[in-house]
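The residues of the chain are indexed from 1 along the displayed sequence. Treat the numbers as computed from the prediction; the structure is a model and nothing was measured.
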Amino acid sequence: MSEFHGSASRSSTPEANRTPPPRTREKALRHRLAELRGPDVPARALDARALAALAANPGCRRRAILDGAGVDKARLAGALGAPSGFGQSQFALTRGNAFEAKVKADGGAELLRLAHAHLDPGADRPEAAAVPDLAAQGPEGRTARTALALREATRAGGWTLLDHPMLALDVAGSLAFLEPDAVVVHPDGSWSVVEIKSFPMVDGSADPAKVGAAARQSAVYVLALEDVAARLDPPPRVHHRVLLVCPKDFSNLPAGRAVDVRKQRAVTARQLARLTRIDEIADALPEGTCFAPDRPAEELTAAVEAVPATYAPECLAACELAFHCRERSRAAGAVTRLGRPLRAELGGLGTVEDVLAAARGESGDPDDPAVAALRRAAQLRAEALRAAGPAAPARTRRPPWRCPRVADHHPGPARGRELRPRTAGRDRPPPASVRPPAGVRAAHHRR
């Protein structure tokens, strides 16, 4: 008893034992991202559409940190003075939700019929399918409930429809929670992604650009499903052919089409692996950096410029900050604003000034193919100009044509309706030979 309460035992207890345990790295990263987002600012969820756009431009650290921190880029762009009209209209959202509700009506009977016809025609018809309840608390709870439902449906066999499941995918060291429209479990235990869109499918084909965007979005869901399947023993097969459901011929009737996303899946996986970890980007930012939209414009501009961006013309259709980044790219003279193919052709020449200097022979390695091509093009241009001879004199600009006023002309008795300028007697009335009769003048004045 004395040893337990004695001073010696108290002195032997290390001071660190009475302090709270240190925060884990994951909690520290969450706290840092919350500071970047701003106090009392809710996080914006990272959906598959934004994740596909992020994977399409893996070198943009600005988008990576903003999406990882859950910053509302639309509000941020408005606060910076460069608002963007990027996004879906309210009419498109309403129409899409109504069409999705119709497709999933009656327990998803029509949706399962399309999945059977386009993805697995050799299986039994989905006469009666299970639709498990995926409700849970928070995204983590819904993710765990989805994984449990997938495991149970795989073991049970038969057709199963998961309506708006929740999946998780590790993106640059941070979890992104994704919510596909539906996931179908086949009788053999394999899984398929279902993507429902509101753009029409006319005569069995849809807009290739929109189908490509839907394929890239579905590829993200396939990657997330593969992560869930890898944790099961044995792992079920995840189909690389997804079901795309669209309105048929501008009507409200659903039509299906199988889309192969193997190429999009491989590209997205490779691009996501190239992303710089979010914690590394956050650690490189100055202390006190905050992207809260209520901050002053000067402070927000400095915070955004602290993170390097990689702008390309394709960003105009995928990012809310595209207008702001385009202005900065133009001011810096970056060649990326002219397109990624041209940027790749120019190699290490990153600005327009560098390109012009290399073409004039003032800088650049002569052994560089890009520099050699530029100097050759400049030489051909100079030869063509010399062969054309001296430059033609500049054409003088003609003065703008002015319609003559009627008061400055009179027909004249000999030329009938020809107009001639009056040189004298501007205030004199016209000759009597061209005056209208008195009755006509009176009628004109009465009108």
Side-chain angles (χ1 to χ4, degrees), residues 20-80 84 86-87 136-144 166-179 220 223-224 227 268 271-310 315 318-322 324-325:
R23 258 197 324 257
T24 62
R25 185 175 183 84
E26 181 180 358
K27 291 183 178 179
L29 178 59
R30 291 183 181 179
H31 180 72
R32 175 60 173 158
L33 294 180
E35 291 179 349
L36 294 175
R37 187 171 59 250
D40 303 329
V41 177
R44 185 177 180 86
L46 182 65
D47 55 1
R49 189 190 304 270
L51 192 56
L54 178 61
N57 192 7
C60 185
R61 295 193 172 195
R62 181 176 299 172
R63 171 145 195 170
I65 190 63
L66 292 177
D67 286 342
V71 178
D72 190 346
K73 296 191 295 297
R75 292 184 58 194
L76 180 61
L80 291 173
S84 173
F86 172 79
Q137 184 69 27
E140 293 85 357
R142 291 184 59 191
T143 302
M166 182 67 71
L167 307 173
L169 185 64
D170 186 1
V171 180
S174 178
L175 279 181
F177 296 97
L178 312 172
E179 186 176 357
V220 178
L223 287 174
D227 287 351
T268 303
Q271 299 290 64
L272 290 179
R274 292 177 53 195
L275 285 174
T276 307
R277 292 185 58 88
I278 295 179
D279 53 356
E280 298 179 6
I281 303 176
D283 293 341
L285 294 178
E287 288 293 334
T289 302
C290 182
F291 303 106
D294 55 352
R295 295 294 181 95
E298 296 79 5
E299 184 177 346
L300 277 179
T301 302
V304 171
E305 294 301 321
V307 190
T310 305
C315 297
C319 183
E320 294 87 344
L321 286 176
H324 174 80
C325 297

Asker: Which of these passes side-chain contact (heavy atoms from CB on, under 4.5 Å) with L51: T268, L223, L272?
Answerer: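 Looking at T268, L223, L272, the match for L51 under the side-chain contact (heavy atoms from CB on, under 4.5 Å) is L272.
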Asker: Output the distance between atom CG (L80) and atom CZ (R295), rounded to the nearest 0.5 Å.
Answerer: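 Going from CG on L80 over to CZ on R295, the span is 13.5 Å.
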Asker: Rounded at 0.5 Å granularity, tell me how far OG1 in T143 sits from CZ in F177.
Answerer: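 With rounding to 0.5 Å, OG1 (T143) is 5.0 Å from CZ (F177).
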Asker: How long is the straight-line distance from CD1 of I65 back to CD1 of I278, given to the nearest 0.5 Å?
Answerer: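 With rounding to 0.5 Å, CD1 (I278) is 6.0 Å from CD1 (I65).
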Asker: Could you tell me the separation between the CD atom of E320 and the CZ atom of R63, rounded to the nearest 0.5 Å?
Answerer: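 If we round to the nearest 0.5 Å, E320:CD and R63:CZ are 6.0 Å apart.
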Asker: Decide side chain to side chain contact (heavy atoms under 4.5 Å, CB included) for L167 and D227; before the verdict, give the C-alpha distance in whole Å, the side-chain angles of both, and the deciding distance to 0.1 Å.
Answerer: CA-CA 9 Å; L167 307 173; D227 287 351; over 6 Å; no
Asker: How close do A303 and T289 get, heavy atom to heavy atom, and via which atoms?
Answerer: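 Closest heavy-atom pair between A303 and T289: CB-CG2, 3.8 Å.
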Asker: So do the side chains of K73 and R44 get within less than 4.5 Å of each other, counting heavy atoms only?
Answerer: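 Side-chain contact under 4.5 Å: no.
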Asker: Could you tell me if the side chain of E287 sits less than 4.5 Å from the side chain of E35, heavy atoms only?
Answerer: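 Result no, sub-4.5 Å side-chain heavy-atom pair not found.
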Asker: Give, for atom CG of L66 and atom CG of L33, the distance between the pair rounded to the nearest 0.5 Å.
Answerer: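 L66 atom CG to L33 atom CG measures 10.5 Å (nearest 0.5 Å).
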Asker: If every non-hydrogen atom of A79 is compared with every non-hydrogen atom of A297, which pair is closest and at what distance?
Answerer: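 Scanning both residues completely, I find the closest heavy atoms to be O-CB, 4.0 Å.
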Asker: Could you give me the CA-CA distance, side-chain angles and deciding distance for V41 and D72, then say whether side chain to side chain contact (heavy atoms under 4.5 Å, CB included) is met?
Answerer: CA-CA 9 Å; V41 177; D72 190 346; over 6 Å; no
Asker: Mind listing the closest non-hydrogen atom pair of C315 and A322 along with its distance?
Answerer: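 Smallest interatomic distance, heavy atoms only, reads O-CB, 3.4 Å.
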Asker: Within a 6.0 Å radius of atom CZ on R32, are there more than 12 heavy atoms belonging to other residues, nucleotides or ligands?
Answerer: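 Correct, the count exceeds 12.
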Asker: Between R62 and V307 (side chain of the first, backbone of the second, donor and acceptor by atom type, cut-off under 3.5 Å), is there such a pair?
Answerer: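 Such a contact is found between R62 side chain and V307 backbone.
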Asker: Side-chain contact, heavy-atom cut-off 4.5 Å: V304 with H324?
Answerer: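 A side-chain contact under 4.5 Å exists here.
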Asker: Identify the two heavy atoms, one from A282 and one from L36, that lie closest to each other, and give their separation to 0.1 Å.
Answerer: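 Shortest heavy-atom contact: CB-CD1, 4.3 Å.
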Asker: Which atoms form the tightest heavy-atom contact between Q271 and A56, and what is the distance?
Answerer: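 Shortest heavy-atom separation between Q271 and A56 comes out as NE2-O, 4.3 Å.
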Asker: Quick one: closest heavy-atom pair of A224 and L178, and the distance?
Answerer: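 For A224 and L178, the tightest heavy-atom pair comes out as CB-CD1, 4.1 Å.
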